[in-house]
Each structure stands twice: as structure tokens, then as C-alpha cells.
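Structure first, then comments.
One-based numbering, in listed order, for ligands and for the atoms of each. Worth knowing before you read on, the calculation uses all heavy atoms, side chains too, and leaves out hydrogens, waters and symmetry mates.
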Amino acid sequence: MSSEVVPFAKTGGLADVAGALPGALKKLGVDVRLVIPFYRVVRRGNFEVKKVAHEIKIPFGSTVLKANVFETRTSEGVPVYLIEREDMYDRPGIYGSGAVDYYDNLERFTFFAKAALHASEHLEFKPDVIHCNDWQTGLTPALLKGPYASRPSFQKTATVFTIHNIGYQGVFPAEKLSLTGLPVNEFFIKEGVEYWGQVSLLKAGIVYSEAVTTVSGRYAREILTPEFGRGMEGILKSREADLHGILNGADYAQWNPATDNNLAANYTLKRLLGKEHCKESLLEEVGLKSSLRNRPLLSVVSRLDSQKGIDLLLDVLHEVLSLDTGVLILGSGDKEIEQAVSRASSRYPGRLACKIGFDEPLAHRVMAGADICLIPSRYEPCGLTQIYALKYGAIPVVHATGGLDDTVIQFNSKTSRGNGFKFNGFEAARFLGAIRKAVDLFKDQKAWKTVQANGMKADFSWDGPASNYLDLYRSLVDKQQLEP
Ligand code: ADP
């Protein structure tokens, strides 16, 4: 279960993961099915849907609400169940409108967590494992330990809860707990869903699932510390034996410069001419001066959130542009960061371009046209943009944290090994130092091509991570079978 899935609804990397992992599991022979809310963007998307359940009844607080279930399929043929309830999901946004979350997100995702279980029963699908993702689905493991514990369909069902970003904790007022159906005495405790007097659905997922995973090995270690755990390090420590770091993959059916139909030209490592064409076309598209085709083009594709460290880039922007480079920022999110980026771009016409908005095709063209991809995140659970950048021959410059540290290998000119540049310590001067190294390397085109090739050859496909997940599911299924 996931609150967002490519190609149906996306705000970030979670959707990429939830869109690609099921297909990779199917290839391994797993009967996998997805469930997501039937948001307005999905209704309005061009997807073929059919109704598979009519007005199933879902207990909700002191009342009973109804939901319809529709079915569609992914391009790999994975069934996707869409939970329909207009008053909850037929809205302009997924989590909120503009910068403000919907006031009733606890209700919306409690309903989703329950409806997924009821839909499963209705469709007579008895899952061995329910894989939940982030706080929006965190209630499901708790429901299976509480009000749904005795339901025959789920007697042997294990849950896996994946933390894609511990910064989003699904915290709501304690009074709302009654809507979930979890008995207060048993669940509203320090070792349960209670979090500083409130309810955290992320914590529910961590506490009540059979296994907890997160999206890189380093992040799995980081979130056990006060610096990165965001207050969840204590409860995570208690689950350390069941906590696994499994690095995300990239969906190369979507992200491959040889076949990507968003690009001005396709290219491969052996035939890189197309990349030059992509760069020229991108410079024109975003209004950067054409002379930059001979100089490094640095790019950012990102949610504009303080997590992503865009402030660090703004701090060094002047120095970076003084190196005779171009910078392109594609992003959306926090209004203050959006404004700061827009203001900066008006100061450097032709050399700094910013595109505010969420534009998937443009994100692909940026990867293809850029020489260097900047990712100065304060923390980064996995990060997909550096993985895409590597495939598209854009050299990543990243803060050595979380999945960025696990995927980017510092270039070593003596051994010719490495696929990018990293800086340790979240400081502007260190970031600038790493950028300078990348920009300097551009002068030595032979070395540049080596780094580029190292990145383009790397394989981050889903095959490896999918079999890691399958091993985990199997171990849980075996354990469940042994339970009385
Ligand atoms: P996060 O999940 O924290 O946002 P990731 O690096 O894991 O970060 O994933 C980000 C995903 O969202 C990538 O697929 C990236 O291309 C995409 N993305 C981010 N911002 C934009 C944007 N403004 N327009 C299009 N795609 C975007």
C-alpha cells in the first residue's frame, strides 16, 4: 500500500518506488497487488478502470462509511485497487492544497488503511505480506494487532513498514484516536502510537509491523541516532533487530537516456552525441545563454524543502556562477524557498534559470542536458535524482549523507575510480569545494568522460533490491507459519 504511485499520483520518490518495486516483484513470480486512494489526479488521468466492489462498509469511529473499489493495472500488469470515496479523495491535491495539509488527513488515511483491509477481504485476497509505506499507511500494522486481529483473512499476514523519510511522522491530536478504532488503553502508550501526547501514525507503523525497512543502509544506521532520528531513535532502537536498509532501485524503463521519449535526442555511453544535443535544446528551452554549451551546466531537480539544502546552493551561487558556469533549478514546494530561488534567477539572467513547478518531462530533460547534478541535502534517506543523474551522464555533487553516500563514489584521479563528488559536513564552503572539483574536471575531458562512464555503467536496477525484499517477505512468512 502506498499513498502515491507512479504513474497515477506523485509528489516525490515514494511514488517512483511504489510504482517500480511491484513490477520487479512480479518478475520474480510474486502475486503482488497495489492499493492507493482514488484521488482526483487518478480519476482525471487516462487510466482504464473497472469497479470491483460496490459500497463496502468500513467502521469509522462511531459510524460506518462506505467505499467503492476500482481496479486498474500498471504497465507490467500488476493489479491496482483504487479506494473511492469522493469526499475524501476527490480533491485538488494529494496531501493538501498549496502549502497547507488537509485538516482531515488522519481521517483520510485512517479510512485508506481500513478500506485496504476490507477491500482485500471483499476480493477474497489473503495477503501473506502487506507492505506499508510511510505514515499514511502506518495504521495498518496496528489495526492488524488490534481491531482486525481476529479476522480470518489476516491470520497469517505479516506487515513490512518502510520509512521513506522519517521527517514526515503523521502526528495528530490524541482526540482523533477514537476514529481509528484502536483501543486507547492498549495503544495510546509510550510503547505504542503515543508520541509526546499526540498520535503518530509513523510510530504505529514502526511499532506494530513485523519488520521495518528504510531505503539505504546508511540511513538505517543514521535514524538510530538523535541527529537523524527526529525523536523516533528510541523506538527504532527497540526494533533494531527487525530494521533493514534496502537501497532503492531505479526504474530504467522510465529513466534511460537510450529510450526516454521526453528527450530531444537519445544517447548511450558509446554514442554520447545525443547528450550534447539535449544540452543545447535544454539551454534554449529554459532561457540560458547558448555559449554555456561549452561550459558546465549544473542542475537541481528537487522538492523545495529545507531538507534539500537549497539554501546552501543560494549561499555559494555567486561563486559558482563566477566559475563561468550555468545553473538550472527545477523545483516546487516551500513558498519562501520558491521565492528565494526566483529572486536569485532574476539577478543572473541567461546564467541562472529557475523553473518553479512539478514537471516530470522537464525533469528528464534536465537530467539529460545537465553536466553536473547538485544534491546538497541536509539528510537524504536514499535519493533518486543522483541515481538518475548517473544513468544520464550528469556527474553528481552531493552531501555525504544517507543514500547519497551509499550511491555516489568519490572520484579518485589516481585510480580513475568513482562516479561523482561528495562533501562531508553541511557547510557552504565544503559544498563549494566539491563543486569546484567537478567544474575543474570539466577542463580535462578525458578524466571527465571516465567519471561519466563510471556512472552510466553502474546498475541500480530494481532486480537486486526486489530480491532483497522477497527474501525478507519469505523470512516473515516462514515465521508466521510457525506461529500457533
Ligand atoms: P524525495 O522523495 O525526497 O522528493 P527523491 O530524490 O527520492 O526525493 O525523489 C524525487 C523524485 O521527484 C524524482 O523522481 C525527481 O525527479 C522528482 N522531482 C522532484 N521535484 C520535481 C519537480 N519539480 N518536477 C518534476 N519532478 C520532480
Ring centres under 6.0 Å, that's the criterion: do W135 and Y168 meet it?
no

Residue pairs passing the ring pair (Phe, Tyr, Trp, His ring centres under 6.0 Å) test with at least one member in residues 266-308, sequence neighbours excluded, are none

Is it true that the NZ or CZ of K437 lies under 6.0 Å from the centre of F411's six-membered ring and within 45 degrees of the ring axis?
no

Parallel, tilted or perpendicular: which fits the ring planes of F109 and Y95, with parallel below 30° and perpendicular above 60°?
tilted

Contact set, ligand 1, heavy-atom distance under 4.0 Å, ordered by chain/number, equals K10, G12, G13, D16, W255, V301, S302, R303, K308, L330, G331, S332, G357, F358, D359, E360, A363, G383, L384, T385, Y388

Can you list the residues that meet the side-chain contact (heavy atoms from CB on, under 4.5 Å) rule with Y102, with sequence neighbours excluded?
R91, P92, S97, D104, N105, R108

Filter on salt bridge (Lys or Arg N to Asp or Glu O under 4.0 Å), then keep only pairs touching residues 320-333, sequence neighbours left out; what's left?
R295-D324

